[in-house]
Engineer: 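Before anything else, here's the structure in question.
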2 protein chains.
Amino acid sequence: MALYGERGYEETTVAEIAERAGLTKRTFFRYFTDKREVLFWGSELLEQQMVAAIEAAPASASALGMIGAALDAAAVRFEEVREFAGPRHRIIAASPELRERELIKAASLAAAMARALRARRFGDTAAVLAAHTGTTVMHVAFEQWVDDPNQTAFQQIARDALAQLREIASTG
Amino acid sequence: MALYGERGYEETTVAEIAERAGLTKRTFFRYFTDKREVLFWGSELLEQQMVAAIEAAPASASALGMIGAALDAAAVRFEEVREFAGPRHRIIAASPELRERELIKAASLAAAMARALRARRFGDTAAVLAAHTGTTVMHVAFEQWVDDPNQTAFQQIARDALAQLREIASTG
DNA sequence: CTAGCTGATGTCACCTGGTGTCATGACCGT
DNA sequence: ACGGTCATGACACCAGGTGACATCAGCTAG
């Protein structure tokens with residue numbers, strides 16, 4: 001991340017990263033499948049925690065209610081890594097390649113949450129819609145959170161965004 | 001698309017595509033920035049038409065109402081290319097690289113629709129949420145449409161999906 | 001203690017996507 | 001017939017990524 005920050009993602013070569021870490025290019029590619037992947041370490045963990053939140057949600061909850069629980073779980077994780085979130089986000093935002101990778105991570109997350117929702121007896125279409133809506137809300141909230149000068153809690157921003165979505169969907 | 005279909009995307013080399021088309025690798029890259037991009041020709045057109053639908057929607061419409069209009073516009077386009085949609089979709093679904101590209105196209109579409117919604121005086125967050133929700137509905141509907149043995153109209157599937165989303169969001 | 005196994009790393013050769021640069025040649029208006 | 005513009009080809013080059021093999025440390029069995 002230091003190198004990507006200093007010289008930009010495109011201009012940084014894998015050989016350089018490896019050298020700075022005291023390894024070989026070949027070894028780098030044994031740890032990370034990709035030059036991109038190195039920026040997406042924690043993503044499986046986040047996915048697991050959000051899925052777990054859906055699995056643990058009360059049976060009385062609605063689909064979007066369970067998504068709300070998953071977002072609360074994400075909030076915990078995000079606050080833990082707040083200090084790296086900003087720089088990392090700027091690096092990703094500056095590179096189309098990295099944005100692509102971020103989007104497919106989000107899609108994978110959505111698919112996992114959709115599976116979890118189906119397991120909670122929601123219908124197919126409903127589960128997929130709710131899950132994707134959840135990642136959308138997460139990203140919208142993330143963008144507001146990451147550059148917020150007041151350091152408002154992610155949980156609060158996400159809950160507001162989710163409420164706003166409900167409002168949009170019920171109006172008209 | 002023929003070559004990608006025959007031998008798979010990864011196994012097809014740009015030199016081969018160029019040869020089959022009677023050109024050079026170099027010339028290929030002057031037309032398409034990417035090996036991937038060749039599968040996403042019509043995407044700007046689709047984007048323009050969906051944005052135009054939002055711009056033309058009656059002022060009384062809600063945000064999701066305008067998204068509905070945009071989906072109707074997409075329906076027209078999709079029906080025009082129905083015969084290629086299936087094979088193309090299968091090729092893309094089989095390759096992570098291509099899925100990434102598809103996702104960023106969807107994100108670009110969502111951003112364009114969000115801009116259009118802001119221009120129609122919707123709030124920032126509302127516009128972004130509605131726009132992303134629209135692309136989500138579009139993809140869900142597309143998956144149902146593309147392999148539907150009854151050849152149900154895209155418009156109908158999309159409208160059903162949108163209605164289902166409204167229901168999810170208002171329940172609980 | 002040593003022989004042999006295992007797993008992590010380095011070395012090297014190679015392929016392919018992608019780009020910069022220059023040459024070639026077709027077409028076009030004058 | 002002339003000069004200019006534009007598309008294409010030819011070629012060299014770089015970086016991401018992979019396969020194959022060598023090396024070496026640590027461990028375990030006898």
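Numbered from 1 within each chain, the chains take letters A, B, ... in sequence-line order.
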Engineer: Within the modelled atom types, does a donor on one side and an acceptor on the other bring the side chain of Lys25(B) and the base of dG18(C) under 3.5 Å apart?
Structural biologist: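 Counting by modelled atom types and ignoring angles, a donor-acceptor contact under 3.5 Å is found here.
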Engineer: Write out all pairs satisfying side chain to side chain donor-acceptor pair (under 3.5 Å) with one or both partners inside residues 101-115 of chain A, taking only residues at least two apart or from two chains.
Structural biologist: Asp34(A)-Arg101(A), Glu37(A)-Arg101(A), Glu37(A)-Lys105(A), Glu47(A)-Ser108(A), Arg101(A)-Glu100(B)
Engineer: To the nearest Å, give me how far apart CZ (Arg36(A)) and C1' (dA15(D)) are.
Structural biologist: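 From Arg36(A) CZ to dA15(D) C1': 12 Å.
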Engineer: Restricting to side chain to side chain donor-acceptor pair (under 3.5 Å), what partner residues turn up for Thr125(A), sequence neighbours left out?
Structural biologist: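 If we apply the side chain to side chain donor-acceptor pair (under 3.5 Å) test to Thr125(A), skipping adjacent residues, the hits are Gln144(B).
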Engineer: If I take atom CG in residue Asp34(A) and atom P in nucleotide dT18(D), what distance separates them, rounded to the nearest angstrom?
Structural biologist: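 For the pair Asp34(A) CG and dT18(D) P, the rounded distance is 8 Å.
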Engineer: Mind checking salt bridge (charged side-chain N to carboxylate O under 4.0 Å, His left out) for Glu11(A) and listing every partner two or more places apart, or none if nothing turns up?
Structural biologist: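 None.
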Engineer: Who are the salt bridge (charged side-chain N to carboxylate O under 4.0 Å, His left out) partners of Glu79(A), not counting sequence neighbours?
Structural biologist: Arg82(A)
Engineer: Base, backbone or nothing for each nucleotide of nucleotides 21-27 of chain C, written B, S, -, heavy atoms under 4.0 angstrom, 5' to 3'?
Structural biologist: B------
Engineer: How many Å lie between CD on Glu97(A) and C1' on dG16(D), as a whole number?
Structural biologist: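 Interatomic distance, CD of Glu97(A) to C1' of dG16(D): 10 Å.
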Engineer: For residues 67-78 of chain A, tabulate all N or O donor-acceptor pairs below 3.5 Å that involve a side-chain atom, not counting sequence neighbours.
Structural biologist:
unit_1   : atom_1 : unit_2    : atom_2 : d
Asp72(A) : OD1    : Gln155(A) : NE2    : 3.3
Asp72(A) : OD1    : Arg159(A) : NE     : 3.4
Asp72(A) : OD2    : Arg159(A) : NH2    : 2.8
Arg77(A) : NH1    : Glu80(A)  : OE1    : 3.0

Engineer: Distance check needed: dG9(D) P versus Tyr31(B) OH, whole Å only.
Structural biologist: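 In whole Å, dG9(D) P lies 9 Å from Tyr31(B) OH.
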Engineer: Using a 4.5 Å cut-off on heavy atoms from C-beta on, say whether the side chain of Leu103(B) contacts that of His139(B).
Structural biologist: no
Engineer: Under the 4.5 Å side-chain heavy-atom rule for ILVMFWY, direct or indirect, which residues accompany Leu3(B)?
Structural biologist: Met1(B), Tyr4(B), Tyr9(B), Val14(B), Ile17(B), Phe28(B), Phe29(B), Tyr31(B), Phe32(B), Val38(B), Leu39(B), Phe40(B), Trp41(B), Ile91(B), Ile92(B), Leu98(B)
Engineer: Would one find more than 12 heavy atoms of other residues, nucleotides or ligands at under 6.0 Å from atom CD of Glu19(A)?
Structural biologist: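 Atom CD in Glu19(A) is not packed in, count stays at 12 or less.
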Engineer: Find the distance Phe29(B):CZ to dT16(C):P and express it as a whole number of Å.
Structural biologist: 12 Å
Engineer: Looking at residues at least two apart in the chain, or sitting in another chain, which of them share a salt bridge (charged side-chain N to carboxylate O under 4.0 Å, His left out) with Arg30(A)?
Structural biologist: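 Result, salt bridge (charged side-chain N to carboxylate O under 4.0 Å, His left out) vs Arg30(A): none returned.
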Engineer: Using a cut-off of less than 4.0 Å, is there contact between a side-chain N or O of Thr24(B) and OP1 or OP2 of dG9(D)?
Structural biologist: yes
Engineer: On DNA chain D, nearest-nucleotide positions of Thr27(B) versus Phe32(A): which is more 5'?
Structural biologist: Thr27(B)
Engineer: Using a strict heavy-atom distance below 4.0 Å, which residues from residues 4-19 of chain B are in contact with DNA chain D?
Structural biologist: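 Here the set is empty: none.
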Engineer: Find the distance Leu98(A):CG to dG16(D):P and express it as a whole number of Å.
Structural biologist: 12 Å
